[in-house]
Amino acid sequence: MSISIKNVWKNYGDVPAVRDLNLDCGTGRMLALLGPSGCGKSTTLKMVAGIEEVTSGEIWFGDREVSTLPPGSRNIAMVFEDYALYMHLSVFENIAFPLRLRHLPDKEVKQRVGTMLDLLRLGSIANEKVRHLSGGAQQRVAIGRALVRDPDVILFDEPLSHIDADQKAQLRTEIKRLQQTQGLTSILVTHDQTEAIAMSDAIAVMNHGVLQQVGSPQDLYTHPANTFVATFIGEPPMNLLNAAVEEEGGILRLRGAGWSLVLSEEKAALVRQKAIQSLTVGLRPEHFSLANGDASRSTGKGRLSGEVYFREHRGDTDVLLLDIDAGTQSADHRVSADIPGPSALREGDRVELSFDDSRLCLFDADSGRNLLF
Ligand SMILES: Nc1ncnc2c1ncn2[C@@H]1O[C@H](COP(=O)(O)OP(=O)(O)OP(=O)(O)O)[C@@H](O)[C@H]1O
C-alpha cells in the first residue's frame, strides 16, 4: 500500500508546523522523516496516522483518500519510542492484545501470535512478563503487537530512542530486515541520521516545517540540495567554505580564506551559467588528502595548509581539525579532514591538504541552494 502526502499544511493557530508538504512512500518501502527538533516530522507522522487533522491538503493510501478518516479506519499500526506495552502482561498476551480486542477465536490468536513470536525470535520468552525484558526485547514485542493485525502501513516514531547503545544497531538491522522481508510500507520518524541512513530506502529531510530534500541516503550525501542538508547528513559534517568568484583571461578561480582553486571547465560553466559572484563551497572531510610536496597546482586541484588543532582517532581513519593559515579568523577558518589512520600527526603539526573540484559541492552563498538544483 503506497502513501501519498499531497500539498499538506498543518497550522497550530496561526503557526504553520508543516508547510505544503508533498511526499510519496512506495509500497513495501521505508521512508524516513529526518530533521531537528521542531521541524514537523512528528506532526507529519500524526497526520498520516489520523491522530492530527490536516489543515489542508490530502493523504492517500493507495487509491483511497484517508485525509479525514479516524485512525481506526486507516489500518495503520504505530511503534512508539516508549513501547507503550502492558508491563504486567506476558510477551504473548501483549502481542495478542489487539486480536483479543477484536474477539478473534483462540485458535487464530495462537496461530497469529505464534507467527510473530517466530518472526521476532521471541518464542523462548513468550511467557515472560514484559517488565523483566531489556529495552530492545520490549521494542520487539511492541513491533510484534503492531504487525499482528496485518496493517497496511506501519509508522515508527523514534523507535530506537530509548534503546541502549549496544542493542541499537542490532534492533535497527532487525527492523530493516523485517520491513524488507515482509514488504511493509513504513514511515520512520527520527532525528538520528545514522538510523535514517541505515534503515530507510528514502529520506525526507525537513526543517521549520519545510521539506528540504527527499532522496536515497546516497543521493542526499552526494548531492545535497542545500547547505542545511549538506551539514545535516554526514558526520563530521560537510565543510562549508566561503569563496569569491574571480574571472581573468577566461580562467575562473575561487578564492577563499587561505586557499584558491582554478575551477575545471565543467564546474566553471555551472558558475558562469548562474552568474554568481560569491559561493559557499562544500567539501566532505574524506575528500581531503594529505598533499604530497611536489603535486602541481593544476586546474581543479585545490590546496590549503594549516595547523592541526585536534586529532581524533577513529580506528582506521583520523579526523583532523585544521586551522587554516588564512591570516584572519574568519568563521570558516577551521576544517575537518578524514585521513587514513592511524597517522603520526599531532596537535600543533603543520599540514597541507589537497582537494579535487570533482568532489566539491557549490552552493549559492545567499540562498544556500546547490547550484546543480
Ligand atoms: N499540539 C501542538 N500545539 C501547538 N504547537 C504544536 C503542537 N504540536 C507541535 N507543535 C509545534 O509544531 C512544530 C513542529 O513540531 P513537531 O513535534 O512536529 O516537530 P518534530 O520535528 O517532531 O520535533 P520533536 O522531535 O521535538 O518532536 C513545533 O514548532 C512545535 O512546537
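The chain is numbered in sequence order, starting from 1. Atoms within each ligand, like the ligands themselves, are counted from 1 in listed order. Every heavy atom of this structure was used, including side-chain atoms; hydrogens, water molecules and symmetry mates were not.
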Counting neighbours of CZ on Arg359 that are heavy atoms of other residues, nucleotides or ligands and sit closer than 6.0 Å, is the number greater than 12? no
Assess whether a salt bridge exists between Asp157 and Lys41, defined as any Lys/Arg side-chain N lying under 4.0 Å from an Asp/Glu carboxylate O. no
Is there a donor in the side chain of Thr190 and an acceptor in the side chain of Asp192, or the other way round, less than 3.5 Å apart? no
Just checking Phe373: does its CZ atom have more than 12 heavy atoms from other residues, nucleotides or ligands closer to it than 6.0 angstrom? yes
Atom-level proximity to ligand 1, residues with heavy atom under 4.0 Å: Tyr12, Ala17, Pro36, Ser37, Gly38, Cys39, Gly40, Lys41, Ser42, Thr43
With a 6.0 Å cut-off (strictly less than), is the heavy-atom count around CZ of Arg29, excluding the residue itself, greater than 12? no
State, with a plain yes or no, whether a side-chain heavy atom of Val91 is found less than 4.5 Å away from one of Asn127. no
